[in-house]
2 protein chains.
Amino acid sequence: MLRTNLPLLNFIEEYSQQHSGVETRTYTAGQTFIQQGSEITTVQFLVSGITKCYILEENGKDYIFEFLGKGEVVGDIEAIRQEKCLCNITAITEVQTLVIHRSLFNSLLQNYPAFNAMIMQELATRISQTCTRSAYQQLYPVEYALLRVLTLENEQQIFLSKKDLAAYLGITLRSFNRTVKQLRQEKILDAEELQLGISRQALLKILNQFDE
Amino acid sequence: MLRTNLPLLNFIEEYSQQHSGVETRTYTAGQTFIQQGSEITTVQFLVSGITKCYILEENGKDYIFEFLGKGEVVGDIEAIRQEKCLCNITAITEVQTLVIHRSLFNSLLQNYPAFNAMIMQELATRISQTCTRSAYQQLYPVEYALLRVLTLENEQQIFLSKKDLAAYLGITLRSFNRTVKQLRQEKILDAEELQLGISRQALLKILNQFDE
DNA sequence: TCCGTAAAAGGACAATTGTCCCAATTCTTT
DNA sequence: AAAGAATTGGGACAATTGTCCTTTTACGGA
């Protein structure tokens, strides 16, 4: 849910100590620093903070693909495919990044096998996770996906707005609230059955945060 | 919708003429030649035919990620991440493939920059397309996605079962039929508004195939 | 040729989800 | 401190989608 990639961050940090061409940037919470459809010529690596990566359609609805954390890259796909941005990236907390030019990114890919392998790994992981997640969301009732997301949020100790969680699940805020309420009251589904790796007790605790 | 990758196929075919380690296989229509969750040690390139790539959950429902055609790879993600299969691959028509061992795939990645770049490109494209598609399906009413899919099917001159189309759209067969009927009868949405790059006339024609 | 199976189409009803509200609470910011 | 703007929670109703079931047609094998 909140993806990270520490090895990648290590690589870039080390590289930046020995070479030029790497810049530091800081964004404040709420700032959208990459806009879908716009031209982009840089690749950025998240050093700290949390961002959301999402598509916003003309009808005002948005769909969040991922929450990105430490070590994750943005702009890589666009650099490889030489195309315009496909997603928006907005800082949820304050965010610090390391920025390199697209051309440097591509030359790193060619000249540093270790870097190449890490990016290859990163892309493969993204595909794998995206597949698993979208299948899960399509094929199971919302309750299941919702419980999973809340569990993950809890595990990783991050705090996201309800609105963002709903957008991540591909449902409306209203549906989100409704489902949480239902789960809190009625029968909680079997934690085992859900394969969440969490006890029924812990689940209840998470849900009751909403009661306060 | 039906993805292909001719450059990649060219590369592998040329390689196979000069080296050993590449085998040919044929699968009959309907055959599932890669099973989710199973161990796999090969990577395959589609030479001819059409396959579907999907996840099947225990509740019997399935979700199709992509239809794969000429030049597409399967098993690559698994080779890169060294993990079990995440999807099922089933031949829709008769299918021919070129098979290489996982270790050969990885050594090609390391020793042939051109191959490396092609795979990098392929992964980036998959991510890009997956993002666009899943956002589209989440954020617009089914009619829109359905029309788009039918248009694509028509353009590419492929023929898929209604069941597969529904699984691709993440809806039930019943919903699929219902929506087609509605569109056929009532107002067809503006073709321009949909940005399908197809005229209203042509759309009607496609929908009326169902009437016959 | 006949049978069994799969694909296609749709009726009827139940369940889910979205839309449009409104109210309470918590922030920012001036 | 007060005003305005988000965030959260939920009622009421409409629209959409799923489930279950039946019918018709098409197709391949015995």
Side-chain angles (χ1 to χ4, degrees), chain A residues 28-32 52 57 59-64 90-94 137-147 149-150 153 158-187 189 206-212, chain B residues 28-32 52 57 59-64 90-94 137-147 149-150 153 158-187 189 206-212:
Chain A
T28 59
Q31 210 176 337
T32 298
K52 58 177 173 177
E57 298 283 358
N59 58 14
K61 300 186 179 182
D62 56 348
Y63 179 64
I64 297 180
T90 299
I92 292 182
T93 62
E94 185 179 281
Q137 291 186 1
Q138 290 283 352
L139 303 175
Y140 287 105
V142 202
E143 292 98 323
Y144 289 60
L146 194 149
L147 280 177
V149 165
L150 289 180
E153 194 195 11
I158 46 178
F159 298 95
L160 306 164
S161 73
K162 302 283 139 73
K163 205 178 149 199
D164 281 349
L165 284 177
Y168 181 71
L169 290 169
I171 60 179
T172 59
L173 186 52
R174 185 70 192 87
S175 290
F176 181 92
N177 281 326
R178 187 157 31 206
T179 308
V180 169
K181 197 185 172 191
Q182 273 180 349
L183 287 173
R184 212 166 43 206
Q185 299 176 339
E186 301 167 31
K187 68 309 150 114
L189 318 147
I206 294 172
L207 286 167
N208 282 327
Q209 288 172 1
F210 294 89
D211 253 350
E212 194 243 349
Chain B
T28 60
Q31 210 176 336
T32 298
K52 59 177 174 178
E57 299 283 359
N59 58 14
K61 300 186 178 179
D62 55 349
Y63 180 63
I64 297 180
T90 299
I92 291 182
T93 63
E94 184 179 281
Q137 291 187 1
Q138 290 282 351
L139 303 176
Y140 287 105
V142 203
E143 291 97 322
Y144 290 61
L146 193 149
L147 279 177
V149 164
L150 288 180
E153 194 195 12
I158 47 179
F159 299 95
L160 304 165
S161 71
K162 302 283 141 72
K163 205 178 150 200
D164 281 349
L165 285 177
Y168 181 72
L169 290 168
I171 58 179
T172 59
L173 185 53
R174 185 69 193 89
S175 291
F176 181 92
N177 282 325
R178 188 156 32 206
T179 308
V180 169
K181 197 185 173 190
Q182 272 181 347
L183 287 172
R184 211 166 43 205
Q185 298 178 341
E186 300 167 31
K187 69 312 151 113
L189 317 149
I206 293 172
L207 286 167
N208 282 327
Q209 289 172 0
F210 294 90
D211 254 350
E212 192 240 353

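Naming convention: chains lettered A, B, ... in sequence-line order (proteins, then strands); numbering from 1 in each chain.
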* **Check: A:A145 main-chain N/O paired with A:Q137 side-chain donor or acceptor under 3.5 Å** => no
* Asked: In whole angstrom, what separates B:L165's CG from C:dA7's C1'?
  -> 13 Å
* In whole angstrom, give the distance that lies between atom CG of A:L146 and atom P of D:dG9. => 12 Å
* Asked: Looking at CG of B:L146 and CG of B:L150, how far apart are the two atoms once the value is rounded to the nearest 0.5 Å?
  -> 4.5 Å
* Asked: Going 5' to 3' along nucleotides 14-20 of chain C, which nucleotides have protein heavy atoms under 4.0 Å from the base (write B), which only from the sugar-phosphate (write S), and which from neither (write -)?
  -> ---BBBB
* Roughly how far apart are B:D62 CG and A:Q138 CD, rounded to 0.5 Å? -> 11.0 Å
* **Protein-nucleotide distance (A:K162, atom NZ; D:dG10, atom P), rounded to Å** => 10 Å
* Would you mind reading off the distance between A:R184 atom CZ and D:dG9 atom P, rounded to a whole angstrom? => 7 Å
* Contacts of B:Y140 that satisfy ring-ring contact (aromatic ring centres under 6.0 Å, His included) - sequence neighbours left out -> B:Y136, B:Y144
* Which distance, rounded to the nearest 0.5 Å, do you find between the CD1 of A:I171 and the OH of A:Y63? -> 11.5 Å
* B:L160 CG to C:dA7 P: how many Å, rounded? -> 13 Å
* Asked: With sequence neighbours left out, what residues match B:D164 under salt bridge (charged side-chain N to carboxylate O under 4.0 Å, His left out)?
  -> B:K52
* Roughly how many Å is it from CG in B:L173 to P in D:dC21, rounded to a whole number? -> 16 Å
* Separation of atom CG in B:L150 from atom P in C:dA8, rounded to whole Å -> 12 Å
* **B:L165 CG to B:I64 CD1 distance, which is reported to the nearest 0.5 Å** => 8.0 Å
* Structure fact -> Across all chains, not counting sequence neighbours, the side chain to side chain donor-acceptor pair (under 3.5 Å) partners of B:T93 are none
* Structure fact -> With sequence neighbours left out, the residues meeting side-chain contact (heavy atoms from CB on, under 4.5 Å) with B:L173 are B:K162, B:N177
* Asked: Side chain of B:K181: nearest nucleotide among C:dA7, D:dT8, C:dG10?
  -> C:dG10
* Asked: What is the distance, rounded to the nearest whole Å, between atom CG of B:N177 and atom P of D:dC20?
  -> 17 Å
* To do: Five pairs at each end of the helix from C:dT1-D:dA30 to C:dT30-D:dA1: take the axis at both ends and give me the angle between them to 10°.
  => 50°
